[in-house]
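Every chain is numbered from 1, with letters handed out A, B, ... down the list of sequences. Every value quoted in this text rests on a predicted model; they were computed, and no experiment measured them.
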Number of protein chains: 2
Amino acid sequence: MKKREVRTLSEVAELARVSESTASRALAGSPLVAEKTRKHVLQIAKLCNYVVNQNARNLRLKQTNVIEVVSPVWQNRRKTIADPFFLELLGAIGDNLNAKGYDLLLSTQPPWNDDWQRNPLMTGKADGIILIGQGASDPMIHELANDYPQVVVWGADIPYQPYCVVGSDNVEGGRLATEHLISVGRQSIAFLGDIKMPEIGHRHEGYRKALAEAGRPYDPDLTFSVPFDVGAVHNSALELVNSGKDFDAVFATSDVIAMSLISELIASGRSVPEDVAVVGFDNVSSSALYNPGLTTIAQDMALGGKLLVEKVLARAAGEEQGSTLMPVKLIVRSSCGVNL
Amino acid sequence: MKKREVRTLSEVAELARVSESTASRALAGSPLVAEKTRKHVLQIAKLCNYVVNQNARNLRLKQTNVIEVVSPVWQNRRKTIADPFFLELLGAIGDNLNAKGYDLLLSTQPPWNDDWQRNPLMTGKADGIILIGQGASDPMIHELANDYPQVVVWGADIPYQPYCVVGSDNVEGGRLATEHLISVGRQSIAFLGDIKMPEIGHRHEGYRKALAEAGRPYDPDLTFSVPFDVGAVHNSALELVNSGKDFDAVFATSDVIAMSLISELIASGRSVPEDVAVVGFDNVSSSALYNPGLTTIAQDMALGGKLLVEKVLARAAGEEQGSTLMPVKLIVRSSCGVNL
DNA sequence: CTGTTAGCGCGTTCAC
DNA sequence: GTGAACGCGCTAACAG
């Protein structure tokens with residue numbers, strides 16, 4: 001079994017009887033080196049299992065080839081349902097980063113914690129940051145993006161905040177969901193989600209828009225605001241279920257929330273979709289496996305990951321990059337019954 | 001708005017009218033520096049928003065404060081259901097790493113790809129590696145762990161492979177699941193899962209053990225082996241559903257597989273738990289939200305993350321660390337009906 | 001084409 | 001207590 005001891009460039013150079021520079025050039029595939037000596041150096045390097053020390057290389061090159069991904073969701077992980085949506089988006093980001101030769105540093109803490117010591121751009125740990133979700137930290141993001149252009153966020157495009165964001169067309173998503181519920185003959189449609197979060201706020205806008213388009217009145221009592229926290233999701237679903245309100249449909253603003261709601265509905269003796277139709281949001285992979293199959297609004301996570309990576313790398317390279325709103329799609333399954 | 005320009009230690013030293021060494025010592029909190037000058041340097045540093053460059057620091061210290069987490073699951077992500085189980089374990093790992101001041105480098109590629117160039121231990125990118133899952137790459141893991149002790153894997157403890165693994169007692173889990181199905185009065189219990197994967201193999205052992213303990217015969221035709229790949233999960237669930245085999249219970253080896261199966265069962269007109277009882281594995285958070293609530297075997301992901309981190313850091317520090325088998329627990333919900 | 005020199009930003013000997 | 005010098009491992013500028 002060959003030992004994989006880490007060696008230094010100078011050792012390789014010595015063994016190959018060339019200078020460090022030539023060894024370096026050979027390894028980097030520089031055209032400034034003779035084909036013969038290049039082959040020689042490469043062979044020696046392979047022989048002693050040499051690999052360049054990225055740390056030293058990065059120090060010299062003043063770059064890192066690392067992008068940090070931060071999920072505020074994680075800040076209160078213990079209270080939070082591990083939403084598969086995040087994993088799917090993370091996967092897409094990882095794939096795209098990898099394809100471009102970048103590493104992914106995953107952080108559970110926002111960059112502005114510990115008096116900005118956590119900021120990987122300041123500590124030289126990363127070349128850029130992808131922030132997942134804005135929530136309440138929008139002002140901090142604003143400040144961060146103001147100092148560092150190489151920041152991109154996944155979330156809602158808030159007009160007066162001029163940082164680069166990639167996200168779905170949440171207004172249209174909300175509209176589509178609600179429109180579908182209306183088209184399927186439902187009369188009283190409730191809304192379940194934390195409208196203080198920008199993305200959810202937009203979905204609520206779409207909800208009201210669809211109502212208006214159909215000439216329906218908007219009843220504020222049918223909007224149930226729920227923080228993204230497992231106890232609260234549960235409580236709000238319960239609150240809605242036990243509200244005594246008369247509703248025959250619910251637009252739940254995430255698939256996980258929809259599932260939580262449906263399980264409560266069923267526990268309370270109501271059936272889905274017969275008694276109440278439900279549409280979710282995200283098109284998480286398990287929504288197809290749910291019983292009943294969840295009708296939902298699909299976000300294109302693959303495209304999202306691609307765009308986030310493209311933009312953050314472009315910005316790290318000094319280019320300008322604007323925000324992008326991605327189209328959404330209605331996926332019809334069984335949780336709303338059939339068209340009447 | 002204050003600019004957060006990255007400055008160097010020598011600049012801070014100059015501004016503080018001390019040498020680089022003293023500045024370095026002051027920032028590191030060394031006792032070799034006078035309290036007065038320490039305060040002074042710190043103030044200057046704060047004033048110009050100085051943060052030490054970790055890259056340079058690490059190069060000097062020959063360490064990285066980074067642990068790489070690799071999930072082979074990701075190698076074929078496009079075909080794979082984003083299993084929430086992974087996200088929950090990842091979260092636990094991240095929390096523990098963070099608490100110890102370590103960063104988490106997430107990799108979609110195993111360290112032995114690209115002729116070992118991906119190995120973060122060789123490139124100086126990380127101090128240790130946590131591998132999630134063994135699957136078919138067991139020989140490569142074996143070789144890797146042989147060269148580098150600072151590797152820990154989540155999976156099944158295969159006796160003849162002497163690397164450090166943390167995992168659940170899968171045999172006992174399989175036994176508990178099957179025993180429950182028996183105790184609930186089921187006669188013909190099928191097994192659904194890819195027994196070529198070590199962990200699933202152990203669960204299958206437990207399945208047979210419970211059967212034997214109850215004096216039941218083992219019918220190989222009731223074991224349906226399914227690769228962890230979305231199409232195949234679906235196909236195998238379908239295969240099982242349409243097999244014509246006479247079964248009134250299924251032990252599905254993950255919650256996601258269980259959900260997929262149940263949705264097929266229902267589509268085929270059978271009801272759960274009345275016609276067939278199902279128990280899953282993992283106790284993923286959404287299993288409580290499923291309809292019907294999924295009876296399952298809980299793995300302690302929080303403990304798992306804690307142990308993985310403790311062991312990898314200990315090993316990176318040169319200490320010995322053996323494998324750990326964690327206890328599992330049966331969580332009874334509605335998918336098996338009530339005890340007869 | 002190749003070797004010599006210098007320095008990325010920091011921590012740590014060793015003198016004073 | 002403090003400063004000067006050195007080197008972590010590598011790449012880029014400059015000669016030749």
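Judged by distance alone, the side chain of B/Q321 and the main-chain N or O of B/V312 form no donor-acceptor pair under 3.5 Å. Proximity of a side-chain donor or acceptor of B/D115 to a complementary backbone N or O of B/Q117 within less than 3.5 Å is not detected. A/N49 contributes no side-chain N or O that, together with a main-chain N or O of A/A45, makes up a donor-acceptor pair within less than 3.5 Å.
Using a 4.0 Å cut-off, no side-chain N or O of B/Y50 falls inside it from OP1 or OP2 of C/dG9. Using a 4.0 Å cut-off, some side-chain N or O of A/T22 falls inside it from OP1 or OP2 of C/dG3.
As rounded to whole Å, 18 Å separates atom P of C/dC8 from atom CG of A/N53. Atom CD of A/E20 and atom C1' of C/dG7 are 13 Å apart (whole Å). In this structure, the CG atom of A/L9 is 14 Å from the P atom of C/dT4, given to the nearest Å. We find that CG of B/L32 is positioned 12 Å from C1' of C/dT13, with the value rounded to whole Å. The distance between atom CD of A/Q63 and atom P of C/dG9, rounded to the nearest whole Å, is 14 Å. Atom CG of B/L61 is separated from atom P of C/dC8 by 19 Å (rounded to the nearest Å).
For DNA chain D, the span of nucleotides reached by chain B at under 4.0 Å from its heavy atoms goes, 5' to 3', from D/dG1 to D/dG9.
Scanning all heavy atoms of the two residues, the minimum distance from B/Q134 to B/I141 falls at CA-CD1, 3.9 Å. Residues B/S168 and B/Q299 approach most closely at OG-OE1, 2.6 Å, considering heavy atoms. Nearest heavy-atom pair across A/I93 and A/G305 is CG1-CA, 3.9 Å.
A residue-by-residue look at B/S19 and A/Q54 shows that B/S19 has its nearest nucleotide of DNA chain D further toward the 5' end. Mapping B/K62 and B/E35 onto DNA chain D by nearest heavy atom places B/E35 at the nucleotide closer to the 5' end.
You'll find a donor-acceptor pair under 3.5 Å spanning the side chain of A/S21 and the base of C/dT4, going by distance alone. Looking at B/S24, its side chain has no donor and acceptor atom pair within 3.5 Å of the base of C/dT12.
Between B/K306 and B/E310 there is a salt bridge, since a side-chain N of the basic residue sits under 4.0 Å from a carboxylate O of the acidic one.
Using a 4.0 Å heavy-atom cutoff across all strands shown, A/L59 reaches at least one base atom of the nucleic acid. As judged by a 4.0 angstrom heavy-atom cut-off over every strand, A/R57 is placed among residues touching the sugar-phosphate backbone only.
In the set C/dT2, C/dG11, C/dT13, the nucleotide with an atom closest to the side chain of B/R25 is C/dT13. Residue A/A34 places its side chain closer to C/dT2 than to any other of C/dT2, C/dG3, C/dG9.
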